[in-house]
There are 2 protein chains.
Amino acid sequence: MNIGKVAKSSSVSAKMIRHYESIGLIRTSPRTLSGYRQYHDRDVHLLRFIRRARDLGFSLEQIRQLVSLWDDPERASADVKRLAQAHIADLDQRIAALTDMRDTLVTLATSCHGDHRPDCPILHGLATAS
Amino acid sequence: MNIGKVAKSSSVSAKMIRHYESIGLIRTSPRTLSGYRQYHDRDVHLLRFIRRARDLGFSLEQIRQLVSLWDDPERASADVKRLAQAHIADLDQRIAALTDMRDTLVTLATSCHGDHRPDCPILHGLATAS
DNA sequence: TTTAACCTTCCCATCATGGGAGGGTCAAGC
DNA sequence: GCTTGACCCTCCCATGATGGGAAGGTTAAA
């Protein structure tokens with residue numbers, strides 16, 4: 001299988017597949033005589049795994065660990081759970097930070113009359129200590 | 001005032017002040033004979049404004065618009081409000097995306113027993129179509 | 001044989017920020 | 001006046017994940 005087909009069936013772009021190879025997230029693939037990368041079904045499985053982990057917001061470094069656990073028949077599920085929970089905590093923090101921003105902004109926007117006059121609590125709020 | 005003092009009192013690093021100057025977000029400052037940038041109180045005000053807008057998650061491009069509205073005594077508060085509401089909508093989208101990730105991950109992690117055994121619903125969930 | 005659709009590598013861009021090298025300036029204390 | 005330490009300057013490089021595009025080779029079908 002060439003890289004284009006793998007890209008389509010894994011939903012990981014060819015660009016990214018090459019990149020993942022270059023940073024050692026996936027193994028270097030064998031090549032044809034003319035230099036084309038050759039893949040098999042198991043590579044598609046791995047790339048789908050990576051893609052889903054990305055969709056869940058894991059970083060490539062975290063995915064590197066997930067992949068090595070995935071590959072390891074001796075793994076303890078506790079190790080996987082630890083990774084997942086650390087990531088959940090991280091997501092919670094980011095959600096909280098964004099929610100704080102949102103709430104502050106909603107408060108400011110609510111008090112802005114939003115007409116032709118220049119007076120604006122949003123700009124005032126930004127200019128003044130919070 | 002030298003750049004270090006401005007950085008301290010505005011909570012914007014000297015590195016960033018130079019960067020903001022280089023991308024035209026703030027005006028180029030006058031220099032001493034030896035090339036040191038010279039600032040005044042009004043520059044500190046502007047940088048604090050920028051810093052607070054960053055803290056609320058506005059991009060530098062959005063801040064560029066906010067600053068020009070801030071500078072404009074003829075502005076309509078409706079224009080500011082429009083910017084703020086667009087940003088709120090953007091924050092809402094990001095919060096929703098992160099919350100979806102979080103919920104999916106929590107579901108997977110909950111069903112993982114998290115012990116020494118290798119069997120793990122989290123890895124299984126990542127490997128299988130969602 | 002031509003052509004279109006592949007593939008290759010290499011460099012550059014994003015966004016906001018920081019690190020660090022290599023070197024100049026300034027003020028205080030001796 | 002000289003040393004020293006704390007400033008300042010510019011320039012280049014790095015981050016993380018992804019994409020764009022150039023310049024050129026390969027393949028399969030018409």
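Every chain is numbered from 1, with letters handed out A, B, ... down the list of sequences. All figures in this text were calculated on a predicted structure; none of them were measured in a lab.
The distance from atom CD of B:Glu21 to atom P of C:dA16 is 18 Å, rounded to the nearest whole Å. Atom CD1 of A:Ile50 and atom P of D:dT18 are 10 Å apart (whole Å). Between the C1' atom of D:dG19 and the NE2 atom of A:His19 lies a distance of 11 Å, rounded to the nearest Å. D:dA14 atom P lies 16 Å from atom CD1 of A:Ile23, rounded to whole Å. Straight-line distance from the CZ atom of A:Arg18 to the P atom of C:dC7: 7 Å, rounded to whole Å. Atom CZ of A:Arg31 is separated from atom P of D:dT26 by 13 Å (rounded to the nearest Å). In this structure, A:Gln62 places its CD atom 12 Å from P of D:dG16, rounding to the nearest Å. Between B:Asp55 atom CG and C:dA16 atom C1' the separation is 13 Å, expressed in whole Å.
Closest to the side chain of A:Ile3, from the set D:dC8, D:dT18, C:dT8, is C:dT8. In this structure, of D:dT10, D:dT18, D:dT26, it is D:dT26 that holds the atom nearest to the side chain of A:Tyr36. The A:Asn2 side chain lies nearest to C:dC7 when the options are C:dC7, D:dC7, C:dT8. Side-chain atoms of B:Ser13 lie closest to C:dG18 of the nucleotides D:dT18, C:dT8, C:dG18.
With hydrogens and angles disregarded, a donor-acceptor distance shorter than 3.5 Å links the side chain of B:Arg48 to the backbone of B:Ser9.
With respect to B:Glu21 and B:Arg18, no salt bridge is recorded, no charged nitrogen being found less than 4.0 Å from a carboxylate O. Taking a cutoff of 4.0 Å between a charged side-chain nitrogen and a carboxylate oxygen, A:Asp79 and A:Arg75 do not qualify as a salt bridge. Ion pair B:Asp115/B:Arg117 flagged as a salt bridge, since at least one NZ, NE, NH1 or NH2 atom sits closer than 4.0 Å to an Asp/Glu carboxylate oxygen.
Nucleic acid contact for B:Tyr20: sugar-phosphate only, since backbone atoms but no base atoms lie under 4.0 Å from a heavy atom of the residue. No engagement by B:Thr32 is indicated, since no non-hydrogen atom pair under 4.0 Å with the nucleic acid exists.
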Show me the protein contacts with nucleotides 20-22 of chain D, counting only N or O atoms at under 3.5 Å.
from   : atom 1 : to      : atom 2 : distance (Å)
D:dG20 : N7     : A:Lys15 : NZ     : 3.1
D:dG20 : O6     : A:Lys15 : NZ     : 2.8
D:dG21 : O6     : A:Lys15 : NZ     : 2.3

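Note: A:Glu61 CD to A:Leu66 CG = 11.0 Å, rounded to the nearest 0.5 Å. Atom CG in B:Leu126 sits 12.5 Å away from atom CZ in A:Arg54 (nearest 0.5 Å).
Both A:Arg37 and B:Leu33 sit near DNA chain C, but only A:Arg37 has its closest nucleotide nearer the 5' end.
Regarding contacts with the backbone of C:dC26, a side-chain N or O of B:Ser34 is found under 4.0 angstrom from either OP1 or OP2.
No continuous path of hydrophobic side-chain contacts links B:Tyr36 to B:Leu47 [ILVMFWY only; heavy atoms under 4.5 Å].
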